[in-house]
Amino acid sequence: MSDTLSLDHYRLLGRSGLRVSPLALGAMTFGTDWGWGADEPEARRIFDTYVDRGGNFIDTANQYTDGSSERLVGRFAADRRDRLVLATKYTLPLRPGDPNSGGNHRKSLVRSIESSLQRMQTDYIDLLYLHAWDFTTPVEEILRAMDDVVRAGKVLYVAISDAPAWQVSRMQTIADLRGWSPLIALQIEYSLIERTVERDLIPMARELGLGVIPWSPLASGVLTGKYSRADLDIGGGTAAAVGTRKNVAAANGALTERTLAIAEEVKAAAAEIGKSPAQVALAWTLLNPAVTAPIIGARTVAQLEDNLGALDVVLSDDQRARLEAASAIEPGFPHEFLARPLTRAVMFGDVRIAPRR
């Protein structure tokens, strides 16, 4: 990064006028219901530290820590609600055994919003995400339901998370053509160990006006450097996503020989500039111009303070090149095919056309 940032160095979120901090505070760690989160007093300290520094972008979801996350966010935000951008999500089921209590459809969306408003003790949600694509609900149903809740004033902006690029681009096009509320943000996993989104999702977001909000930019803690090869033998990646953060990292595939090798390169760069590995890993995500605000999820104030230090990190061209070489992915088809000299010669003759950046 050529310039350092601060939490009150606000950025526009996608194709909107909404201003948000360059790091979002993730509230999935608020509450101990899942076995590894922050209790209410510590969550309050984390929240207050972030907001007191100028941070205004809070990320939660309807079922994070079984609803405790939204309840705590609402409690902490009560006396400064209007200065904050509260983002939550719908899709996760509200009631076990009820097939309509989750999913992307209108009934799920409407009831989830009502429950979220009650838990957060507010009368509007700044940003509502579809949490994950269900491969079932027609996009027109989703988009019209989203537009309805925006027109009703219960939601101000809509967005999407964890969905295929082709489906998101289709939805955005339909919304534009029909005059419905557009998607303004795309929340996706993005880090030095998960760069496959650079193939299609991130270029799509830039083209269609969605600000990219990376989740797990520290790869379940792997990029902080706290794990070693001794941590690989914990059940072959079959551990449930409860109990410890190491269980989560193993279960979601973040803890492997490859990811530990990338973490070593992060540690080396951090040592060279006197920063922590977490700060370097977060700073790298901010180098991508499509990224608006990575989500930081801390369980202690000390972790939050360390993460916020990413805004002061400046990586050299050499350090960036080494990090990207260690984490490189294959572009795949059609990207590799279209970049081949033979393809370009056949398609475009001797004309040299620089790709748009």
Side-chain angles (χ1 to χ4, degrees), residues 7-8 10-14 16-31 37-38 40 43-92 94 108-132 146 149-162 181-187 210-215 292-298 304 307-308:
L7 284 178
D8 58 1
Y10 302 111
R11 298 172 159 194
L12 293 176
L13 182 55
S16 81
L18 188 65
R19 285 89 162 169
V20 297
S21 294
L23 289 175
L25 179 62
M28 190 170 72
T29 57
F30 286 13
E40 182 169 349
R44 163 72 81 168
R45 287 189 287 269
I46 292 168
F47 187 95
D48 288 346
T49 299
Y50 173 80
V51 174
D52 289 346
R53 296 278 189 90
N56 76 338
F57 196 12
I58 315 297
D59 183 88
T60 185
N62 65 343
Q63 282 297 79
Y64 282 171
T65 52
D66 298 334
S68 291
S69 176
E70 284 189 332
R71 282 189 287 271
L72 292 175
V73 165
R75 202 170 298 159
F76 303 159
D79 61 347
R80 43 198 161 179
R81 170 66 186 94
D82 286 341
R83 65 165 292 189
L84 300 175
V85 175
L86 300 187
T88 192
K89 310 175 192 75
Y90 89 100
T91 294
L92 299 181
L94 300 175
S108 171
L109 182 151
V110 171
R111 296 309 301 150
S112 181
I113 288 173
E114 296 294 344
S115 296
S116 292
L117 291 172
Q118 291 175 12
R119 280 191 291 268
M120 291 194 289
Q121 302 173 57
T122 184
D123 55 2
Y124 70 98
I125 293 165
D126 294 282
L127 182 66
L128 177 74
Y129 289 95
L130 181 153
H131 201 157
M146 284 181 161
V149 295
V150 170
R151 290 174 186 269
K154 294 181 179 181
V155 171
L156 303 187
Y157 297 94
V158 291
I160 193 164
S161 172
D162 303 340
S181 300
L183 305 169
I184 68 165
L186 175 71
Q187 191 171 137
L210 288 82
V212 174
I213 309 297
W215 60 263
T292 301
I295 297 171
I296 52 175
L304 175 66
N307 287 178
L308 295 181

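Residues Ile113 and Tyr90 fail the side-chain proximity criterion, which asks for heavy atoms closer than 4.5 Å. Counting heavy atoms from C-beta on, the side chains of Thr88 and Leu128 come closer than 4.5 Å. Between Leu13 and Leu127, some side-chain heavy-atom pair lies under the 4.5 Å cut-off. Considering only heavy atoms from C-beta on, Phe30 comes within 4.5 Å of Leu25 through its side chain. No side-chain heavy atom of Thr91 sits less than 4.5 Å from a side-chain heavy atom of Ser108.
A side-chain donor-acceptor contact under 3.5 Å links Arg19 to the backbone of Gly17. Without hydrogens or angle criteria, Asn62 side chain to Ser115 main chain gives no donor-acceptor distance under 3.5 Å.
Listed by chain and number, the residues in a side chain to side chain donor-acceptor pair (under 3.5 Å) with Arg53 are Glu305 (sequence neighbours excluded).
Interatomic distance, Phe76 CZ to Leu86 CG, rounded to the nearest 0.5 Å: 12.5 Å.
Looking at Thr60 and Glu70, their side chains never bring a donor and an acceptor atom within 3.5 Å of each other.
Salt-bridge annotation for Arg81 and Asp123: absent, with no side-chain N of the basic residue lying under 4.0 Å from a carboxylate O of the acidic one.
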Practice item. For side-chain hydrogen bond (donor to acceptor under 3.5 Å, both in side chains), just list the numbers for Ser21 and Asn56, CA-CA rounded to whole Å, side-chain angles, deciding distance to a tenth of an Å, and then say yes or no. Key: CA-CA 6 Å; Ser21 294; Asn56 76 338; 3.1 Å; yes
